[in-house]
Undergrad: 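Mind having a look at this structure? Questions to follow.
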Amino acid sequence: MEGKREKWMVFSAWPYVNSVPHLGNLVGSILSADIAARYLRMRGAEVVFASGSDMHGTPIEVEAIKRGIEPKELAERNHEYVKKLFEKWNISFDNYSKTESPVHIKFVQDFYRKVYDNGYIFDDVVQMLYCPNDKIFLPDRFVVGTCPYCGYEKAHGDQCENCGRLLEPTLLINPRCAICGATPIVKTTRHWFFDLPAFTEKLEKYIEGNKNLPANARNMSLQMVREGLKPRSVTRDNKWGIPAPFPGAEGKTIYVWMEAVLGYVSAVKEYFEKRGTPEKWREFWFDENTKTVYFIGKDNIPFHVIIFPALLMASEEGYVLPWTVASTEYLLFKGLKFSKSKRHGIWIDEALEVFPVDYWRFALTALRPEVRDTNFTWEEFRRVINNELNDAIGNYVHRVLTLAYRRFGQVPEPVEESREAAELSSTISKLVDEAGDAMARFRFKEALAKIVKLAGEGNAYLNRTKPWELDDGAAATVLYGALHLVKALAITLSPIIPGSAQKMWEFLGYSDSVERHLWEEAKEPPPPGQALKEPKPLFRKISEEDIDKAIERIEEIRRAKEASS
RNA sequence: AGCGGGGUGGGGAAGCCAGGUAUCCCGCGGGGCUCAUAGUCCCCCGUGGGGGAUGAGGGACCCCGAGGUCGGUGGUUCAAAUCCACCCCCCGCUACCA
């Protein structure tokens with residue numbers, strides 16, 4: 001660690017709280033970010049892990065209108081619900097904020113005033129569709145009509161879901177407002193734009209020079225920059241949002257995308273304010289050595305690699321640009337995309353009603369769509385939990401602890417040289433390094449595979465050495481090595497299944513928190529003489545009936561929800 | 001259409017960037033072992049758990065084995081799953097939905 005601690009900011013995309021995230025949303029962004037943050041802390045880095053709820057925008061406004069309540073009330077209610085869920089998922093946010101946070105609102109307004117003063121904002125008049133009945137301007141998505149190409153009657157203004165063609169709302173035959181069905185009219189309005197093209201050269205240099213970006217993100221973004229950037233509108237005519245601070249822009253709000261990304265900064269600022277060191281955020285954001293990683297869906301790579309860096313540049317204040325972005329492919333549910341409207345998939349609140357959080361964290365990591373779309377099925381879930389979590393890891397930990405606890409009651413002192421034990425020790429070091437290396441590259445699935453392999457090595461070691469047949473001295477030596485491996489499992493599993501790792505840690509006789517230890521300590525055996533605690537099985541097998549019950553239970557929850565809303 | 005990702009034994013994944021041994025998990029066949037969370041029996045609170053007993057052997061664990069022209073065709077090379085070209089499938093993105 002060469003004297004000075006590394007500084008890291010770990011971010012995940014801000015969930016839009018119009019709905020509860022599903023497992024597909026969680027796996028690539030928030031859960032991945034959490035594992036990264038936990039790992040980096042265990043590497044001794046100084047980490048700030050932040051995210052928050054994205055609360056503004058048309059969908060929430062519309063939903064609130066439908067229910068006859070204020071958008072703020074709906075957004076706050078959803079925010080609280082989602083925030084509690086992340087706590088249940090054991091997400092170790094240093095700060096989980098929201099775009100309605102006063103710190104965020106003030107920051108956004110100050111920020112855009114600065115960008116305006118620097119000359120990167122201009123205004124222009126545009127024509128947009130407007131619903132005279134709901135009295136709001138309609139985003140493309142909120143206009144439906146008949147597709148001019150295929151005749152599909154429920155095509156949206158941006159794209160026809162039936163034939164897949166990209167559309168303009170004005171191309172639709174018989175256009176209607178998606179909210180009330182009235183015929184929209186074309187209306188003139190003034191909007192403020194961010195001069196993105198002004199940053200073409202700087203962006204190209206930044207993207208080309210940033211070798212940490214994944215190849216796909218670099219290529220895609222470079223391509224887009226070279227094809228030519230267009231100005232981005234910053235304002236909207238929505239009521240629900242952050243008031244635009246530009247002269248003459250009274251009544252306009254900042255477009256959600258363009259303000260929510262600034263949450264990455266404001267949430268760190270807010271975090272240090274809460275801790276009573278309100279200036280410390282600058283040490284992170286204005287230090288070019290701070291590393292930042294953004295866990296996002298692959299669909300918004302351009303936003304994080306082009307628009308967000310350009311905004312930071314436009315402030316001319318020296319913010320550290322993204323060090324890397326990390327995205328995954330999609331998690332499919334039974335072969336199809338998760339779909340809110342079709343209720344196809346599993347949502348993060350339902351999941352915890354049917355199985356413990358660590359089962360989910362483990363299975364989602366094991367099935368993480370690292371290089372290609374991955375299919376989630378209940379059969380796979382059951383297989384992963386039974387074979388890997390329970391049989392390989394859980395059973396190993398339990399058999400070692402039981403053997404050692406019954407015979408010695410403490411971590412035994414090794415009394416003789418043992419070739420087997422020495423080999424095990426070097427195997428542990430090797431796999432701990434390999435798992436750490438994969439973690440550092442944010443390849444968590446790969447890291448987990450190494451850890452499962454570690455447990456397999458432990459099981460093989462016990463089968464070879466048969467400590468139950470040995471006298472006390474020889475058994476002590478063998479079990480000492482086996483307990484070392486349990487310690488290594490507790491440490492390396494801590495970022496993935498923190499709760500269960502902590503239990504392993506306590507069975508080993510430790511009374512502090514495993515996550516406060518360093519990754520490297522996995523290579524050191526536990527201290528001889530430390531009293532062990534009586535072990536209890538950590539996991540249970542899942543039967544086919546358990547799965548059937550879980551599916552039924554989820555159905556029940558959905559029926560209850562629908563009935564109440 | 002353009003761009004990006006992918007097509008590897010029955011299923012699921014790694015390897016490809018830095019060519020030379022095709023690896024892992026499930027499933028399948030055979031074997032070893034009996035320390036531990038299957039099973040069976042009994043008891044307790046209750047409908048999901050808690051405690052106890054049992055086992056020459058079933059689950060777990062470990063070992064061995066069967067199974068693949070690595071999407072197709074052509075090229076480069078002493079050598080290609082890996083590099084190049086073309087083609088065929090699948091998925092995603094294409095910036096005012098968040």
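Naming: A, B, ... by sequence-line order, numbering from 1 per chain.
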Undergrad: Using a 4.0 Å heavy-atom cut-off, write out nucleotides 24-35 of chain B from 5' to 3' as B (base contacted by protein), S (sugar-phosphate only) or - (no contact).
TA: -SS-----BSSB
Undergrad: Side chain of A/K445 only, please: which of B/rA98, B/rG92, B/rA14 is the nearest?
TA: B/rA14
Undergrad: I'd like to know if the side chain of A/T200 reaches the main chain of A/P197, judged simply by a donor and an acceptor atom lying under 3.5 Å from each other, with no hydrogens or angles considered.
TA: yes
Undergrad: Heavy atoms only, 4.0 Å cut-off, all strands: where does A/N395 land among base, sugar-phosphate and nothing?
TA: base
Undergrad: Applying a 3.5 Å limit to both distances, which nucleotide forms a Watson-Crick or G-U wobble pair with B/rG65?
TA: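 Its partner is B/rC28 (Watson-Crick or G-U wobble, both distances under 3.5 Å).
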Undergrad: Take atom CD of A/E534 and atom C1' of B/rA36, then tell me their distance rounded to the nearest Å.
TA: 14 Å
Undergrad: For RNA chain B, whose closest nucleotide is more 5', that of A/T374 or that of A/F142?
TA: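 First, find each residue's nearest nucleotide; the 5'-ward one identifies A/T374.
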Undergrad: Go through residues 186-194 of chain A and report each residue with a non-hydrogen atom lying under 4.0 Å from RNA chain B, sorted by number.
TA: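 When residues 186-194 of chain A is checked for heavy atoms under 4.0 Å from RNA chain B, there are no hits whatsoever.
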Undergrad: Measure from the side chain of A/K536, starting at C-beta and using heavy atoms only, and say which of B/rG51, B/rC61, B/rC96 lies closest.
TA: B/rG51
Undergrad: To the nearest Å, how far apart are A/F137 CZ and B/rC97 C1'?
TA: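 Between C1' of B/rC97 and CZ of A/F137: 18 Å.
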Undergrad: Rounded to whole angstrom, note down the P distance from B/rC25 over to B/rC83.
TA: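 Result for the P pair: 26 Å, nearest Å.
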Undergrad: Please check if atom NZ in A/K445 has more than 12 non-hydrogen atoms from other residues, nucleotides or ligands closer than 6.0 Å.
TA: yes
Undergrad: Please give, in whole Å, the distance from B/rG15 P to A/E446 CD?
TA: 7 Å
Undergrad: Quote, to the nearest angstrom, the P distance that separates B/rU37 from B/rG50.
TA: 12 Å
Undergrad: Rounded to whole angstrom, note down the P distance from B/rA36 over to B/rC61.
TA: 16 Å
Undergrad: What nucleotide among B/rG15, B/rC61, B/rC97 has an atom nearest to a side-chain atom of A/R443?
TA: B/rG15
Undergrad: I'd like a table of atom pairs between the protein and nucleotides 3-7 of chain B - only N or O on both sides, under 3.5 Å - with the distance next to each one.
TA:
{"residue": "B/rG5", "atom": "O2'", "partner": "A/V371", "partner atom": "O", "Å": "3.4"}
{"residue": "B/rG7", "atom": "O5'", "partner": "A/R372", "partner atom": "NH1", "Å": "3.4"}

Undergrad: If I pick the C1' atom on B/rC24 and the same atom on B/rC70, what distance separates them, to the nearest angstrom?
TA: 16 Å
Undergrad: Would you indicate what A/I307 reaches in the nucleic acid, counting non-hydrogen atoms under 4.0 angstrom: base, sugar-phosphate, or nothing?
TA: nothing
Undergrad: Which one is paired to B/rG2, where only Watson-Crick or G-U wobble pairs with both distances under 3.5 angstrom count?
TA: B/rC93
Undergrad: Please check if any side-chain donor atom of A/T253 sits under 3.5 Å from a side-chain acceptor atom of A/N238, or the reverse.
TA: no
Undergrad: Atom NE2 of A/H304 to atom C1' of B/rC93: distance rounded to whole Å?
TA: 16 Å
Undergrad: Side chain of A/R540: nearest nucleotide among B/rC96, B/rG49, B/rC93?
TA: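 Looking only at heavy atoms from C-beta outward on A/R540, the closest nucleotide is B/rG49.
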Undergrad: Given that both distances must come in under 3.5 Å, which nucleotide forms a Watson-Crick or G-U wobble pair with B/rA98?
TA: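 B/rA98 is paired with nothing.
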Undergrad: When all nucleic acid strands are considered with a 4.0 Å heavy-atom cut-off, which category describes A/F539: base, sugar-phosphate, or nothing?
TA: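 Base contact.
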Undergrad: To the nearest Å, give me how far apart CG (A/L454) and C1' (B/rC62) are.
TA: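 So the two atoms are 16 Å apart, to the nearest Å.
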Undergrad: Partners of A/Y359 by side-chain hydrogen bond (donor to acceptor under 3.5 Å, both in side chains), sequence neighbours excluded?
TA: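 Checked A/Y359 against side-chain hydrogen bond (donor to acceptor under 3.5 Å, both in side chains); zero matches.
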Undergrad: B/rA98 P sits how many Å from A/F303 CZ, rounded?
TA: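 Rounding to the nearest Å, CZ of A/F303 and P of B/rA98 are 10 Å apart.
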Undergrad: Please name all residues satisfying ring pair (Phe, Tyr, Trp, His ring centres under 6.0 Å) with A/H104, sequence neighbours left out, ordered by chain then number.
TA: none
Undergrad: With sequence neighbours excluded, tell me which residues meet side-chain hydrogen bond (donor to acceptor under 3.5 Å, both in side chains) with A/K541.
TA: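 If we apply the side-chain hydrogen bond (donor to acceptor under 3.5 Å, both in side chains) test to A/K541, skipping adjacent residues, the hits are A/D391.
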Undergrad: Determine which nucleotide pairs with B/rA53, using a 3.5 Å limit on both distances of a Watson-Crick or G-U wobble pair.
TA: B/rU40
Undergrad: Tell me, which pairs form a ring-ring contact (aromatic ring centres under 6.0 Å, His included) where one or both residues lie in residues 441-477 of chain A, sequence neighbours left out?
TA: A/F295-A/F442
Undergrad: Cut-off 3.5 Å, side chains only: do A/E61 and A/H56 have a donor facing an acceptor?
TA: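 No pair is found: no donor N or O on one side chain lies under 3.5 Å from an acceptor on the other.
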Undergrad: Once side chain to side chain contact (heavy atoms under 4.5 Å, CB included) is applied, do any residues pair with A/P309, and if so which ones, sequence neighbours excluded?
TA: A/L203, A/Y206, A/L321, A/P322
Undergrad: Could you pull out all residues at least two apart from A/K450 that satisfy side-chain hydrogen bond (donor to acceptor under 3.5 Å, both in side chains)?
TA: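 Applying side-chain hydrogen bond (donor to acceptor under 3.5 Å, both in side chains) to A/K450 gives A/E434.
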Undergrad: Please state the P separation for the pair B/rG19 and B/rA80 - nearest whole angstrom.
TA: 14 Å
Undergrad: Categorize A/G228 for me: base, sugar-phosphate, or nothing, with a 4.0 angstrom heavy-atom threshold over every strand shown.
TA: base
Undergrad: Whom does B/rU47 pair with, Watson-Crick or G-U wobble, provided both distances fall under 3.5 Å?
TA: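 Partner of B/rU47: none found under 3.5 Å.
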Undergrad: Please report the distance separating the C1' of B/rU34 from the corresponding atom of B/rA60, rounded so that it comes out in whole Å.
TA: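 The same atom, C1', in both gives a distance of 11 Å.
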Undergrad: Indicate whether any N or O donor in one side chain lies under 3.5 Å from an N or O acceptor in the other, for A/Y264 and A/H304.
TA: yes
Undergrad: Closest nucleotide of RNA chain B for A/Y461 versus for A/H398: which of these residues is on the 5' side?
TA: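 Closer to the 5' end of RNA chain B: A/H398.
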Undergrad: Going by the rule ring pair (Phe, Tyr, Trp, His ring centres under 6.0 Å), which residues pair with A/F408 if we only count those two or more places apart in sequence or in a different chain?
TA: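 Here no residue qualifies.
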Undergrad: In whole angstroms, how far is the P atom of B/rA60 from the NZ atom of A/K541?
TA: 6 Å
Undergrad: Only counting residues at least two apart or in another chain, list the ones meeting ring pair (Phe, Tyr, Trp, His ring centres under 6.0 Å) with A/Y130.
TA: A/F137
Undergrad: Check side-chain hydrogen bond (donor to acceptor under 3.5 Å, both in side chains) between A/H191 and all other residues, then give those that pass, not counting sequence neighbours.
TA: A/T235, A/D237
Undergrad: Just call it for A/P302: base, sugar-phosphate, or nothing, with non-hydrogen atoms closer than 4.0 Å on any strand.
TA: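 Here A/P302 touches no strand at all.
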Undergrad: Measure from CD on A/E457 to C1' on B/rC63 and round the result to the nearest Å.
TA: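 Checked: the CD to C1' distance equals 13 Å.
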Undergrad: Taking atom P in both B/rA66 and B/rG30, what distance in whole Å separates the two?
TA: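 It works out to 15 Å between them.
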Undergrad: Pick the C1' atom in B/rG92 and in B/rA18, then give their distance to the nearest Å.
TA: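 About 29 Å, rounded to a whole number of Å.
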Undergrad: If you measure only the distance, is there a donor-acceptor pair under 3.5 Å linking the side chains of A/T477 and A/S418?
TA: no
